[in-house]
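To keep things clear, I will list the structure first and then write my remarks on it.
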Amino acid sequence: MINALGVPQRLLLLGATSDIAQAVARRYAADQPLAVVLAARPGPRRSEAAAALAALGCPVEEVDFEATDTAAHAEVVRTAAAGGDIDVALVAFGVLPDAEEAWNDVGTAVAAAQVNYVGAVSVGVALAAQLRRQGHGVVVALSSVAGERPRRSNFVYGSTKAGFDAFYTGLGEALREHGGRVLVVRPGFVRSKMTTGMEAAPLSVTPEEVAEAVVNGVANGKEQLWVPGPMRAVMSGLRHVPRPVFRRLPI
Amino acid sequence: MSAPSTAGRPLAGWGRTAPTVALVATVSAADDVVRAVASAPERGILARGLGRSYGDAAQNAGGLVLDMTRLDRIHAIDAEARLVDVDAGVSLDVLMRALLPLRLWVPVLPGTSQVTIGGAVAADVHGKNHHVAGSFGNHVRSLDLATADGAVRTLAPDDPATSALFWATVGGMGLTGIVLRVTLAVQPVETSYFVVDTERAANLDELMERLVEGDHRYPYSVAWFDALTTGHRLGRAVLTRGRSATRDDLEALAPELRRTALALRRPSRGTVPRGMPPRLLNRLTARAFNELWFRVSPAAARRDVQDVTQFFHPLDVVQDWNRLYGPRGLCQYQFAVPDGAEEQFRRCVRVIAESGHVSALNVLKRFGPRNPAPLSFPTAGWTLAVDIPVSAGLDGLLRRLDAMVLDAGGRVYLAKDSRLPATTLAAMYPRLDEFRQCRAEVDPTGRFASDLSRRLAL
């Protein structure tokens with residue numbers, strides 16, 4: 001159960017090897033060990049993540065998870081919930097394709113949509129069923145500011161996150177009466193292995209900063225948040241910039 | 001029984017902190033309860049009374065919750081034998097009103113009278129007279145429990161065949177079964193008033209000294225203390241100690257009350273509306289409140305006559321006062337440490353006062369000897385309760401207090417708890433395994449469950 005101060009006892013990480021997922025688990029474990037279920041592809045990265053959390057005193061379970069294998073998602077969630085209620089589930093998987101390749105190559109574009117949108121919707125439906133069964137729980141959905149207004153430089157990724165964001169925002173409304181909650185998190189540029197080699201955008205953040213915001217957002221019952229906080233005002237402004245001007249902005 | 005709502009309802013404790021959704025059915029007869037237990041869903045079943053426990057004790061996320069407040073008959077009052085036979089959903093308030101005309105009195109009254117008999121048993125509540133009267137379970141002569149096997153068992157503390165389950169049910173947080181009906185021993189009184197001595201203590205040491213020195217002279221004793229002032233006035237307090245007023249007392253001290261000697265007045269001072277702004281209770285307002293409370297109490301000891309509401313239930317006159325704590329709710333932290341742990345107890349008070357977190361309703365009292373219930377909270381020594389609005393950093397403060405309480409051989413109160421880690425609870429209640437074993441025998445498939453039981457692995 002999540003306690004009165006918003007501290008969960010059991011955390012499910014979908015896309016467990018992502019830097020943000022790891023940072024969130026570490027941030028929780030720093031206060032108090034908690035059970036963590038790592039859902040990710042089997043392999044050395046998952047094993048290392050499991051070992052690191054076990055070293056912090058957390059009981060760790062590993063579950064095989066493939067974002068595109070939508071038929072298996074319900075079973076993944078059931079397996080993760082077998083050892084106890086899922087208090088917080090973090091939807092942290094995703095791909096960031098090369099932006100130019102993504103709009104020129106069908107395979108790349110479809111793969112991004114399959115993982116970032118279709119996979120996330122499928123996982124969301126499975127998580128919703130579990131939260132309804134439990135009567136409580138929080139889904140933390142890692143969206144992106146890229147989904148708020150499509151940019152020439154990154155619109156395929158942005159479009160997948162736009163769909164993702166809309167789905168999880170709506171899911172939060174649907175789950176309200178059943179005791180479930182959804183927190184949609186919209187980070188700006190995160191300096192992580194997903195963005196290695198890219199030039200950091202203004203207001204960039206670390207996975208640890210995202211984790212801090214997630215932990216506080218869950219505790220405070222937030223439904224959406226931006227990281228860093230001022231990004232909310234920036235994006236609100238950008239949404240209203242006329243297109244001819246927006247087009248010329250160096251973003 | 002009303003058919004359980006199919007949509008589910010959000011339920012929270014008095015602290016309004018971690019609501020979860022459950023199906024809720026209202027029961028009005030013992031048969032309803034037995035039927036509901038037989039058809040309990042996979043996530044289990046739980047009884048709920050008036051929802052005054054602060055945390056998640058009366059919630060059952062995803063499962064079935066029985067609203068017991070309609071199972072509310074007073075079956076018999078035997079004024080000769082001083083025994084009452086009541087349904088579990090009867091509130092202490094209702095019982096008190098029924099008993100007073102017969103010059104009888106509920107033997108244990110917690111800080112609110114809005115508690116059902118079943119809830120009082122499940123939490124083994126205590127009152128200002130614990131040092132002489134023990135807790136609620138000490139006064140229960142027998143009880144009927146609907147158990148997981150579909151039976152209704154009558155349990156009694158002096159019956160060797162049922163006493164183990166009886167004591168597991170007392171303080172058992174509703175996890176051994178559903179209490180249907182209770183036979184309670186009650187006390188004689190002459191009036192509904194109390195002769196109360198009020199005095200100030202300048203600091204914590206003086207307060208503790210006076211409680212040790214004088215408690216035996218008073219059946220009722222409690223102290224409110226200032227949890228914000230630090231330094232040499234740390235723990236300054238107002239002691240209120242008293243006894244039930246006799247007719248002669250009224251004659252001597254308040255002759256105008258003779259004609260209403262058995263009345264129970266509960267004036268309503270309104271309801272706190274929904275949607276109170278956050279941070280209404282902050283360092284400034286809490287400090288002002290603490291200062292005021294201390295200042296309005298007499299500097300020199302004073303004796304006066306108070307009614308039930310003034311002396312026992314001052315908060316009951318304001319409905320929904322918990323809303324004052326804002327949308328994130330409040331965390332009540334009550335712990336007890338044994339005699340001999342005075343140094344650690346003082347340290348806890350200092351840590352709270354210096355923490356920067358605000359608490360206005362702070363209660364300190366001495367407990368008498370414990371009863372045989374494995375999960376009963378009170379244990380001879382000192383207890384302290386603070387109400388803290390939820391804010392950043394509270395988790396760290398309370399975990400620090402957990403460690404200090406544990407180190408002193410103490411424990412926290414389950415009816416108030418909403419955030420304790422399971423491992424800490426197990427260390428605080430050394431007889432937890434005994435309780436678990438009893439529960440495993442009477443409910444092997446875990447039909448009775450609550451958010452509290454899941455959180456703490458009871």
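The sequence lines fix the lettering, A, B, ..., with proteins before strands; numbering per chain opens at 1.
R43(B) contributes atom CZ, which lies 9.0 Å from atom CZ of R133(A) (distance to the nearest 0.5 angstrom). The CD atom of Q32(A) lies 7.0 Å from the OG1 atom of T424(B); values are rounded to the nearest 0.5 Å. M1(A) CE to S418(B) OG: the interatomic distance, rounded to the nearest 0.5 Å, is 12.0 Å.
A18(B) and I2(A) get closest at one heavy-atom pair: CB-O, 4.1 Å. L5(A) and R328(B) make their closest contact through O-NH2, 4.3 Å (heavy atoms, listed as atom of the first residue, atom of the second, distance).
Proximity to chain A (any heavy atom under 4.5 Å) is shown, for R419(B), by both the backbone and the side chain. Only the side chain of Q9(A) comes within less than 4.5 Å of a heavy atom in chain B; its backbone stays farther off.
Between R454(B) and D87(A) there is no salt bridge, since no side-chain nitrogen of the basic residue lies less than 4.0 Å from a carboxylate oxygen of the acidic one.
Ranked by heavy-atom pairs under 4.5 Å with chain A, the first of G62(B), P41(B), G13(B) is G62(B). Of all the listed residues (L131(A), N220(A), V7(A), N216(A)), the one sharing the greatest number of non-hydrogen pairs under 4.5 Å with chain B is N220(A).
Residue-environment remark: CD (E75(A)) exceeds the threshold of 12 foreign heavy atoms within 6.0 Å.
Residues of residues 383-400 of chain B that come within less than 4.5 angstrom of chain A, heavy atom to heavy atom, are V390(B), L394(B), D395(B), L398(B), R399(B) in numerical order.
With sequence neighbours left out, the side-chain hydrogen bond (donor to acceptor under 3.5 Å, both in side chains) criterion links R10(A) to E61(A).
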